[in-house]
Colleague: 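Just dropping this structure here.
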Amino acid sequence: MRKKLNVNLKEKSYQISIESGLLNNIGELIRKVHPCEKAVIITDENVDKKYSAIVETALIKHNYQVDIIILKPGESTKSLGTLPKIYNRLIDFELTRTDILIALGGGVIGDICGFVASSFMRGVPYVHVPTTLLAQVDSSVGGKVGVNLEGGKNLVGSFYQPKGVFIDPDVLYTLPDKFFTDGMAEVIKYGCIKDEKLFEMLYKMNGRHEIMESISDIIYRCCGIKRDLVENDERDMGDRMLLNFGHTIGHAIEKYYDYEMYTHGEAVAIGMYNITKISEDRGLTKAGTAEKLKKILADKGLPYDIDVDMKDLIEFIKRDKKNLGSKLKVVLLKEIGSGFLHESDSTFFEKESD
Ligand code: NAD
Ligand code: GLY
């Protein structure tokens with residue numbers, strides 16, 4: 001059965017649809033949200049091999065003329081250098097502002113396709129068809145699009161909402177374990193900040209197989225939380241920042257190791273546990289929360305221990321683009337299921353490193 005969530009953003013509103021096998025009907029679904037002549041699928045080589053043909057066939061069946069742009073997989077594709085190739089292909093295909101782009105892939109494809117959509121001819125419509133767990137629960141919802149610069153991740157971008165998000169959980173069966181585990185860090189994050197029941201449900205689940213049995217429900221709950229945060233704070237100035245739980249230390253760890261040692265999810269996992277330990281020590285979090293977090297992370301194959309001196313991370317924390325001047329809004333938990341923003345500065349981390 002199809003699960004649906006409406007993202008209410010006035011004239012930018014759209015629906016998130018979640019259903020096993022949905023990919024086969026994607027032509028019909030896209031036509032309902034945006035009837036037009038031409039559709040361009042933007043994807044990467046791995047996803048192309050598995051899913052482009054299904055999507056292309058479904059689109060042709062619903063009278064779209066289709067082009068497919070296939071990019072190299074990986075974070076390095078999400079760069080300014082990739083853009084001219086995409087723009088030129090769109091020009092060659094004579095795509096107009098009434099046509100549509102389709103982001104078929106993980107967060108890398110979603111972010112760059114969304115950025116192209118926001119900028120090509122001053123904006124063309126696009127939809128997300130996310131194929132990683134991370135993209136299904138997080139990056140496809142909320143309209144953050146962009147590319148990386150050499151100086152840092154996501155430094156060029158905008159808020160540009162899609163016309164729809166179409167999630168087929170079945171595509172996760174082909175996702176390598178490494179990326180599934182990575183996405184689980186974000187799923188656990190949602191439980192931590194907003195949904196104790198989700199956390200408890202995940203806590204009891206053993207292994208990917210058991211998680212997949214409830215995956216539609218898990219994705220639905222995560223997207224519901226993100227939807228609520230985005231509706232209340234589209235431009236990320238307040239409550240949406242709760243999604244950064246674990247990210248302050250996480251980003252610092254990623255940068256410290258030049259993005260080579262840990263995946264994003266792993267770094268966030270370490271960040272969630274360690275910030276909770278600090279806030280528990282300071283009496284801001286219910287005792288025992290960090291221990292519970294440690295157990296769920298370890299069970300799901302994620303790291304939690306920090307192997308860098310916090311003093312060395314503070315320099316990277318200070319440079320985080322999310323800082324507001326010298327102020328730093330850290331996301332803490334009162335307890336599992338209840339995140340809050342705590343205004344502080346980098347000294348928040350210093351005491352613990354003494
Ligand atoms: P990714 O897009 O690189 O995908 C991970 C890997 O999985 C790739 O090799 C890809 O080819 C492969 N893959 C994807 N779907 C597959 C499938 N179904 N079967 C087999 N292989 C598949 O990585 P990601 O983790 O999805 O996304 C990371 C990106 O998301 C980062 O750039 C991050 O900045 C961004 N992000 C954006 C937001 C946002 O709000 N816009 C939020 C979180 C993360
Ligand atoms: N992933 C963070 C956000 O969308 O705000």
Side-chain angles (χ1 to χ4, degrees), residues 7 23 42-52 54-55 70-79 82 103-115 117-118 126 128-149 152-162 165 167-187 189-190 193 212 215 222-223 225-247 250-251 254 259 263-268 321-322 331:
V7 184
L23 226 52
I42 300 185
T43 190
D44 72 27
E45 288 164 2
N46 298 331
V47 179
D48 173 64
K49 278 187 206 121
K50 297 189 159 56
Y51 302 111
S52 282
I54 301 174
V55 174
I70 305 164
L71 306 174
K72 291 242 166 291
E75 191 66 34
S76 59
T77 280
K78 213 180 95 177
S79 68
T82 311
L104 175 68
V108 164
I109 291 299
D111 281 11
I112 194 164
C113 176
F115 185 70
S118 74
Y126 79 112
H128 280 291
V129 184
T131 62
T132 61
L133 182 56
L134 178 137
Q136 295 193 343
V137 299
D138 188 353
S139 60
S140 63
V141 178
K144 276 191 186 175
V145 299
V147 293
N148 305 325
L149 294 182
K153 279 187 71 175
N154 303 320
L155 288 181
V156 175
S158 52
F159 291 91
Y160 191 66
Q161 301 295 339
V165 178
I167 301 176
D168 185 340
D170 288 357
V171 300
L172 298 180
Y173 284 110
T174 60
L175 190 66
D177 277 340
K178 175 178 150 190
F179 297 111
F180 189 84
T181 305
D182 206 44
M184 277 309 292
E186 304 287 353
V187 173
K189 178 192 78 181
Y190 282 107
I193 58 169
M212 282 304 288
I215 198 71
C222 295
C223 287
I225 295 167
K226 180 139 188 193
R227 184 271 312 269
D228 293 347
L229 293 171
V230 168
E231 280 182 354
N232 291 326
D233 177 27
E234 188 192 355
R235 308 287 295 190
D236 203 14
M237 304 300 279
D239 266 9
R240 185 168 176 168
M241 290 186 205
L242 287 175
L243 294 167
N244 296 332
F245 177 51
H247 285 56
H251 280 154
E254 283 184 286
Y259 297 94
T263 64
H264 176 67
E266 287 170 345
V268 167
K321 79 172 189 300
K322 293 198 193 300
V331 186

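Every number for a ligand or one of its atoms is a count from 1 in the order of the listing. This chain uses plain numbering: 1 for the first residue, then up along the sequence.
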Colleague: Can you tell if the side chain of Phe159 reaches within under 4.5 Å of the side chain of Val145, non-hydrogen atoms only?
Modeller: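 Result no, sub-4.5 Å side-chain heavy-atom pair not found.
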Colleague: Distance-only, no hydrogens or angles: does the Asn154 side chain make a donor-acceptor pair with backbone N or O of Asn148 under 3.5 Å?
Modeller: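 Not at all, since once roles are kept as given, no pair shorter than 3.5 Å links the two residues.
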Colleague: What verdict does the side chain to side chain donor-acceptor pair (under 3.5 Å) test give for Tyr51 and Thr174, after you've listed the backbone C-alpha separation in whole Å, the side-chain angles of each residue and the deciding distance to 0.1 Å?
Modeller: CA-CA 10 Å; Tyr51 302 111; Thr174 60; 2.6 Å; yes
Colleague: Would you please name every residue forming a side-chain contact (heavy atoms from CB on, under 4.5 Å) with Asp44, sequence neighbours left out?
Modeller: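 Testing Asp44 for side-chain contact (heavy atoms from CB on, under 4.5 Å), a comparison that skips the adjacent residues, returns Asn46, Val47, Pro73, Ile109.
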Colleague: Decide ring-ring contact (aromatic ring centres under 6.0 Å, His included) for Tyr160 and Phe115; before the verdict, give the C-alpha distance in whole Å, the side-chain angles of both, and the deciding distance to 0.1 Å.
Modeller: CA-CA 8 Å; Tyr160 191 66; Phe115 185 70; 9.7 Å; no
Colleague: Taking only heavy atoms of the protein into account, state which residues are under 4.0 angstrom from an atom of ligand 1, in chain and number order.
Modeller: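 For ligand 1, the residues that come within the 4.0 Å heavy-atom cutoff are Asp44, Asn46, Val47, Tyr51, Pro73, Glu75, Lys78, Gly106, Gly107, Val108, Asp111, Thr131, Thr132, Leu134, Asp138, Ser139, Lys144, Lys153, Asn154, Val171, Thr174, Leu175, Pro176, Phe179, Lys226.
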Colleague: Check whether Asp111 reaches the backbone of Gly146 with its side chain - one donor and one acceptor, N or O, closer than 3.5 Å.
Modeller: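 Here the side-chain-to-backbone pair does not exist.
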Colleague: Under 3.5 Å, is there a donor-acceptor pair between the side chain of Thr82 and the main chain of Thr77?
Modeller: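 Yes; judged by distance alone, with no hydrogens or angles, the pair exists.
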Colleague: Got the residues with a heavy atom under 4.0 Å of ligand 2, by chain and number?
Modeller: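 For ligand 2, the contacting residues are Asp138, Lys144, Lys226, Arg240, Leu243.
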Colleague: Please answer whether the main-chain N or O of Asp177 pairs with a side-chain N or O of Thr181 as donor and acceptor at a distance below 3.5 Å.
Modeller: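 Flag set: sc Thr181 to bb Asp177 pair under 3.5 Å.
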Colleague: According to the side chain to side chain donor-acceptor pair (under 3.5 Å) rule, which pairs have a member within residues 128-140, sequence neighbours left out?
Modeller: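 Qualifying pairs, neighbours excluded: Asp138-Lys226.
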